[in-house]
*Asks:* 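Okay, handing you the structure first.
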Amino acid sequence: RLIKVFFFFFKNTITQREMTEAQPLELVDKCIGSRIHVIMKGDRELVGTLTGFDEFVNMVLKDVKEFEMGPDGMKCNEVDEVLLNGTHIAMLVPGGEGPAVE
């Protein structure tokens, strides 16, 4: 009986804690419709308006500026819309403007 009481208390404590913490996908969901800076694995960064994503954090961005570091320095390209593979995303910065291009 003591084990049942402990399990009940422990289970309820976890549930209450989870309810007060924001989950990662909930934070990304709050960014829909706003500008977001996406840092990819490798030498690419993108800034665009987040229009959607899925449970794998594959993302659709519109009005995108793509920054790529090459041997000649940072290059900037503009793209109307892009679909990003979530496995290649390293970091998301809500409201970020991207790297400074010289």
Side-chain angles (χ1 to χ4, degrees):
R1 180 175 169 117
L2 179 61
I3 292 173
K4 285 183 180 180
V5 170
F6 177 74
F7 179 74
F8 178 77
F9 176 75
F10 185 71
K11 182 179 175 187
N12 285 341
T13 302
I14 291 173
T15 304
Q16 290 169 357
R17 188 179 332 137
E18 288 175 350
M19 288 172 48
T20 60
E21 293 177 4
Q23 298 299 311
L25 292 179
E26 292 172 0
L27 294 174
V28 176
D29 189 50
K30 290 179 181 181
C31 294
I32 290 181
S34 62
R35 301 289 284 175
I36 190 166
H37 178 190
V38 181
I39 301 172
M40 307 293 287
K41 295 177 185 175
D43 295 331
R44 292 178 56 201
E45 298 182 26
L46 299 102
V47 176
T49 302
L50 179 64
T51 59
F53 71 99
D54 64 10
E55 68 271 12
F56 303 106
V57 195
N58 297 318
M59 302 180 129
V60 178
L61 300 176
K62 69 177 182 178
D63 302 324
V64 179
K65 287 186 180 180
E66 177 186 21
F67 302 93
E68 188 169 9
M69 181 57 86
D72 300 330
M74 186 74 70
K75 293 189 318 186
C76 179
N77 299 317
E78 293 190 16
V79 182
D80 291 333
E81 192 170 41
V82 67
L83 170 64
L84 300 176
N85 185 329
T87 60
H88 299 288
I89 296 173
M91 184 169 44
L92 302 171
V93 183
E97 291 300 318
V101 179
E102 297 176 8

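Note that these values count all heavy atoms, side chains included, but never hydrogens, waters or copies made by symmetry.
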*Asks:* May I have all residue pairs that pass salt bridge (charged side-chain N to carboxylate O under 4.0 Å, His left out) and include part of residues 43-69, sequence neighbours excluded?
*Replies:* Arg44-Glu66
*Asks:* What donor-acceptor contacts under 3.5 angstrom involve side-chain atoms of residues 83-100, with partners at least two apart or in another chain?
*Replies:*
from  : atom 1 : to    : atom 2 : distance (Å)
Asn85 : OD1    : Thr87 : N      : 3.0
Asn85 : OD1    : Thr87 : OG1    : 2.8

*Asks:* If you draw a 6.0 Å radius around CG in Asn77, do more than 12 non-hydrogen atoms from other residues or ligands fall strictly inside?
*Replies:* yes
*Asks:* Taking the side chain as C-beta and beyond, is there a heavy-atom pair between Val57 and Leu25 under 4.5 Å?
*Replies:* yes
*Asks:* Are Val64 and Ile36 connected, step by step, through hydrophobic side chains (Ile, Leu, Val, Met, Phe, Trp, Tyr) whose heavy atoms are closer than 4.5 Å?
*Replies:* yes
*Asks:* Determine whether Ile39 and Val60 fall in the same hydrophobic cluster, where Ile, Leu, Val, Met, Phe, Trp and Tyr are linked whenever their side-chain heavy atoms lie under 4.5 Å apart.
*Replies:* no
*Asks:* According to a 4.5 Å side-chain heavy-atom criterion applied to Ile, Leu, Val, Met, Phe, Trp and Tyr, with indirect links allowed, do Val38 and Phe67 form part of one hydrophobic cluster?
*Replies:* no
*Asks:* On a heavy-atom basis, which atom in Gly52 and which in Ile32 lie closest, and how many Å separate them?
*Replies:* CA-CD1, 4.5 Å
*Asks:* Is there side-chain contact between Leu61 and Val79, with heavy atoms separated by less than 4.5 Å?
*Replies:* no
